[in-house]
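Report on the following structure.
Lettering of chains follows the sequences in order, A, B, ..., and the numbering in each one begins at 1.
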Amino acid sequence: MDYLLAENLSCIRGSNTVFKNLSFKVSRGQILHITGANGSGKTSLLRMIAGFIYPSEGKIIPEKNYTHKDVHFVGQKYALKKNLSVEKNLSLWSYLYQKKINTDQILSDLDLTQYKDNDVEVLSDGQKRRLSIARLFIHSAPIWLLDEVHVHLDSEWQVKLNHYIYNYINEGGIVLISSNTKIELNSNIDINLTNYNV
Amino acid sequence: MISKIRPAIIEKADGYIPLLLSFTIITFFVGLYFSLIESPADYIQGDSMRIMYIHVPSAWFSLMIYTLIALSSVFWFILRNPLLSLAGRSLAPIGAMFTFLALITGSIWGKPTWGTWWAWDARLTSMLILFFLYLAYILLWHSISNKDNASKIAAALGIIGFINIPIIKFSVDWWNTLHQPATISKLSTPSIDVSMLIPLLIMTLAFGLFLVSLFIIRIRILSLELRINRKMIY
Amino acid sequence: MFKNLLLRDLRLAYYSSSNFIYIGSFFILVTILIPFVINTETEGLKSVFQGLIWVGLALALLLALDRIFSSDFDDGNLDIILRMKVSYEKIYLSKLLSVWITYCLPIVIIVPLISTAFNLTINETIFVTINLFCGSFGMAATAIGINALLMGLKRMIYLKSIIVIPLYIPFMIFGVEQGSWPVLSALSMIAVVVASFATSYGLRLYGE
């Protein structure tokens, strides 16, 4: 997949039009940064590209069979079982993706080695967030859709995360990322959704 | 689009509802006169069988209303007209009420006939399960606060419930022939005399009018409520 | 992909408290309540046991109603599953198999082991087990279908039970009759087909 194209997207939730006439094109090796006020539709847009919501108007190219499957959608939910240990959570993902994983390597990369046998429940939000992005490295997908993943991360980890993102686009990935606070990220395209709100 | 969602028959309901209600009441009185005074008592069961004039119409309508809910669900899937989901939502409590009435009158009728308030008769048992199908449908509407989601799920449940009605009826009949002595399995008489048929038909008409009035009042209220919630968009 | 989902669900059941030991112990405890509430000398013991098998199976499935799809929905794992290269039908089939293995298989195995304690003859035991095998697929499918529609409702196990129990009645009625396995299989088949539509629909709705 070389690019992702959105043409005249509109999003209607219930009877409210959230945003309309949104068009953009992201090519391989580019980062699209979505900003906007609370409720401006950042999450809706990412879920639309992930294929969870159908566009009320407009379309996303390539068509759904391409984009909607095998994308990484890292949402505001951590996708962690909170009463299972960190190690077991990772092993569930490895079963799901059918990938052998090096648990110790991943945990030391994420600086979570000492929590290996702790239940996820006891982790702080920042630590959970770190663990939740681990699956970006377990399984490779052509597009990353990252919904406010910088939230809860300290500045050191925000920098590290940006680093991962740059590495990924250098290998030819496409990243769409949303944030509602200022983050230091060298993006190629910026969209402020507030401009498209009705 | 507007006329599809705001048909005149519901929009103008305030005008003709009093007329419809008075007509319903008149039909009820005529029906009650025929069933309580004009028609003869039953040869075997005596006066107690007169409860049939309430029991039978409510049993008929309780089944019919579930069919209507299922139909409106099917058409909701095709047309996606919010009015259709409102129709299902308005009908459900009415159907539950008729089912409850059929259960209560069946039970009262059972006392002189069987000598007990409740027998595990196939019809009454199916009716009881039908009542719980209605209840599940109503509770579903109550539990989901986002009514857009609720209408999507309720439509599916309406159809699933409807598929189950014949299956439940079949299993309960089969279970009943196996476990119950045949003597008490018949509530209504197989053939019915004209003198009893006339009051039954008038009562059925009265129940039908009652159903239509209640339905129109309820759907009118629900459509207004929907419009308020959606800030007058429709 | 089918295999991934199945293995992952079974692993999750193994990690959480719904593995063989939990479901098996739960079921045995439900059945051994009978001798305490009725006279063990009578013929009644046998028939109450035959009925309670089905009640026990239904209870095991009803208690699972807050887990099937719901927990993955709550924590966001369903987002991952739906974005893998897998069709809704495969998700459904893997769920059917994993729910059956987790909640029904232990009971199908335990019933013949404990039936002699409830005065069942070998013949009756065989019939009961075959019935249980044929009917349990439909009951599992029903639980999955309803839960796929209602996964957004947290802690609503009573509502879900009120919806599911009337759908279980036909299984109960035929389950306690000897030799009714063809009817039970037919009922299961209907339930499996209807639940597959309900599940696809529920999964499609969930994103919105």
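Under a cut-off of 6.0 angstrom, the local environment of OH in A:Tyr95 is sparse, with at most 12 non-hydrogen atoms contributed by other residues, nucleotides or ligands. For C:Tyr158, the OH atom counts as loosely surrounded, since its 6.0 Å shell holds 12 or fewer non-hydrogen atoms of other residues, nucleotides or ligands. For CG of C:Leu29, the number of neighbouring non-hydrogen atoms (other residues, nucleotides, ligands) closer than 6.0 Å is greater than 12. Within a 6.0 Å radius of CZ in A:Phe137, other residues, nucleotides and ligands contribute more than 12 heavy atoms. Within 6.0 Å of atom CH2 in A:Trp93, more than 12 heavy atoms from other residues, nucleotides or ligands are found, so the atom counts as buried in its surroundings. The number of heavy-atom neighbours closer than 6.0 Å to NZ of A:Lys99, taken from other residues, nucleotides and ligands shown, is above 12. For C:Tyr14, the OH atom sits in a loose shell: 12 or fewer heavy atoms of surrounding residues, nucleotides or ligands are nearer than 6.0 Å. Remark: A:Lys20 NZ is loosely packed, at most 12 non-hydrogen atoms of other residues, nucleotides or ligands lying under 6.0 Å away.
Using a cutoff of 4.0 Å between basic side-chain nitrogens and carboxylate oxygens, A:Lys77 and C:Asp74 are not scored as salt-bridged. At a threshold of 4.0 Å, the pair C:Asp72-A:Lys81 counts as salt-bridged, since one of the basic side-chain nitrogens sits closer than that to a carboxylate oxygen.
Relative to the six-membered ring of A:Phe52, C:Arg83 meets both conditions, a distance below 6.0 Å and an angle of at most 45° to the axis.
Side-chain contact, C:Tyr15 with A:Ser91: a donor N or O sits under 3.5 Å from an acceptor N or O.
With rounding to the nearest 0.5 angstrom, the CG atom of C:Asn77 is 7.5 Å from the CG atom of A:Leu80. Here CE of C:Met84 is found 8.5 Å from CD of A:Gln98. Values are rounded to the nearest 0.5 Å. From A:Leu92, atom CG reaches atom OG of C:Ser16 across 8.0 Å, with rounding to the nearest 0.5 Å. For the atom pair CZ of A:Phe73 and CD1 of C:Ile80, the computed distance is 10.5 Å after rounding to the nearest 0.5 Å.
Looking at heavy atoms from C-beta onward, A:Lys82 lies out of side-chain contact with C:Asp75 at the 4.5 angstrom threshold. Within the 4.5 Å cutoff, no side-chain heavy atoms of A:Leu96 are placed close to those of C:Leu7.
Heavy-atom pairs under 4.5 Å with chain C peak, among A:Ala79, A:Ser44, A:Ser132, at A:Ala79.
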